[in-house]
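Have a look at the structure below, then the notes.
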Amino acid sequence: MLAAMPPSSPNPQDRGEAHIRDRVRDRGDACPGALRLHRADDGALARLRVPTGVLTSRQVDVLADAADRLGDGHLSLTSRGNIELRGLGEGCGLGLADALRDAGLLPASERHERVRNMVVSPLAGADVMAWAVELDELVCGEDWTAELSGRFLFAVDDGRGDVAALAADVTLLAAPDGAALLRVADRTYRVAGADAPRAALAAAEAFLAAAREAGTGAWRVRELPAGQDVDVTRHLGRAGITAEPVSDFVRVTGAPVAPGVLGDGTVSVLARLGRVTSAQFRALLPAREVRVTPWRGFVLPGFAGRAAAEERLRALEEAGFITRTDSPWIGVSACTGRPGCGKSLSDVRADARPREGALPVHWSGCARRCGHPQGVTWTDMVATGEGAYQMTVQGSTK
Ligand code: SF4
């Protein structure tokens with residue numbers, strides 16, 4: 001809960017100072033990364049950011065090999081398109097870092113490893129993908145960006161509205177004429193396409209300035225106190241970017257990428273409960289590239305025609321992927337649960353199953369609801385004991 005009222009103070013001189021606000025965060029950012037591992041009940045956990053969502057064949061091989069050699073032989077996908085390795089043994093952090101660095105999966109500066117948080121439309125063409133690549137380079141090239149929290153999120157949307165719906169802190173949305181809409185807080189600006197990545201960076205800088213001014217420890221734009229201005233216009237101006245305010249807020253929501261063959265030569269699959277074995281992960285190859293989606297799936301572009309794409313889709317169905325839009329497992333997600341998480345009241349992934357109805361359903365082992373859907377209405381199943389769950393419906397703002 002955010003509050004803009006000053007806390008009561010025993011010091012009479014402090015009373016009435018409206019700039020004093022309740023803190024929303026009292027701790028530093030403890031988000032796991034690929035270099036800062038999280039100690040879980042089933043071993044260490046590494047979370048790798050894949051900023052553009054794009055993996056090369058070699059990177060797929062390296063990650064599958066790391067899961068086998070160092071972890072539990074599985075790879076998990078997060079709702080931000082990150083990849084997690086779990087069950088990592090004691091002292092394997094250095095070996096993992098070396099493998100990831102050699103494969104080009106880490107930034108030059110390790111301070112930026114956890115702030116490369118970006119979701120990109122998985123079907124984006126070259127122009128929008130170039131925005132994402134440039135934005136990642138900009139984020140990794142500035143010292144001050146290391147102050148962003150590991151939760152601060154950029155979205156780069158190709159205009160279809162799929163990742164624009166994911167409640168990112170800064171969203172770039174491609175307009176049909178090649179320009180970009182920059183959305184931050186409750187404002188939208190129109191900027192030239194060539195300026196789009198720098199505009200997103202300027203918006204992040206504006207957020208950090210606002211967060212410092214508020215002094216409440218906010219990690220995300222929505223955590224800022226009510227009434228706290230994010231002065232995007234000033235930061236865009238300082239960067240020499242011409243921006244035209246569009247309206248109070250531009251909301252565009254598009255559907256996630258569906259499984260199946262898309263167009264003439266693109267294959268899309270989902271990972272059941274967001275987890276794959278290393279063998280399943282390798283089954284994505286050969287591929288020109290593998291795109292990780294924030295809906296816990298993969299997109300493989302570039303097949304030579306529909307027949308070749310359909311043949312690969314059948315092979316991936318045999319490998320255990322969700323490949324059809326009528327699969328009851330679409331929209332079913334689960335947190336780690338037991339045995340990986342000591343807070344879990346049940347073995348969530350064994351309990352999780354599809355439910356009747358059209359809403360996405362998320363199964364959680366406790367009230368933290370890790371990895372729950374964003375920006376949509378969803379059925380919330382929270383464990384209350386071994387195999388027992390409380391069901392509610394949650395709105396898009398949670
Ligand atoms: S929701 Fe609770 S039980 Fe599940 S992973 Fe998060 S903390 Fe653990």
Side-chain angles (χ1 to χ4, degrees), residues 1 24-34 36-50 67 71-89 114 117 119 149-153 166-167 219-220 222-223 270-277 292 294-297 329 331-355 359-398:
M1 175 75 71
V24 291
R25 302 277 185 186
D26 283 319
R27 288 185 295 117
D29 171 10
C31 252
R36 184 163 82 182
L37 308 189
H38 167 74
R39 194 165 296 279
D41 280 21
D42 57 350
L45 174 155
R47 181 177 299 162
L48 174 71
R49 273 74 176 173
V50 188
D72 64 2
H74 291 74
L75 302 100
S76 301
L77 307 179
T78 76
S79 58
R80 291 172 159 214
N82 298 327
I83 294 179
E84 290 181 349
L85 302 181
R86 301 191 66 99
L88 298 166
R114 294 180 314 117
N117 292 295
V119 283
S149 87
R151 308 265 172 98
F152 190 89
L153 181 66
L166 297 181
W219 289 350
R220 305 204 55 189
R222 64 174 180 241
E223 295 176 354
L270 299 172
R272 188 164 144 170
L273 296 180
R275 202 149 200 245
V276 293
T277 64
V292 187
W295 304 285
R296 298 180 171 92
W329 286 95
V332 183
S333 56
C335 78
T336 299
R338 271 207 330 253
C341 179
K343 294 189 175 69
S344 186
L345 298 176
S346 194
D347 184 349
V348 179
R349 303 180 72 81
D351 299 338
R353 57 193 181 278
R355 288 190 58 82
L359 293 182
V361 55
H362 184 71
W363 297 74
S364 306
C366 80
R368 287 187 67 181
R369 300 175 170 86
C370 296
H372 70 70
Q374 301 280 345
V376 294
T377 305
W378 48 285
T379 301
D380 178 34
M381 305 293 291
V382 176
T384 55
E386 183 70 57
Y389 288 80
Q390 180 179 341
M391 185 186 87
T392 57
V393 173
Q394 299 281 350
S396 60
T397 55
K398 182 157 181 72

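In each ligand, atom 1 is the first atom listed, and ligand 1 is the first ligand listed. For clarity, every value in this text was computed on a predicted model and none was experimentally measured.
- With sequence neighbours left out, the salt bridge (Lys or Arg N to Asp or Glu O under 4.0 Å) criterion links Arg47 to Glu84.
- Here the straight-line distance linking atom CG of Leu273 with atom OG of Ser76 works out to 10.0 Å at 0.5 Å rounding.
- Between Asn117 and Arg151, the side chains place no donor N or O within less than 3.5 Å of an acceptor N or O (distance only, hydrogens not considered).
- Side-chain N or O atoms of Arg296 include one that pairs as donor or acceptor with a backbone N or O of Leu77 at under 3.5 Å.
- Closer than 2.8 Å to atom 4 (Fe) of ligand 1 sit the protein N, O or S atoms Cys335 SG.
- Ala34 pairs by the side-chain contact (heavy atoms from CB on, under 4.5 Å) definition with Leu48, Leu100, Leu106, Glu113, not counting sequence neighbours.
- A search for salt bridge (Lys or Arg N to Asp or Glu O under 4.0 Å) contacts involving Arg272 returns nothing, not counting sequence neighbours.
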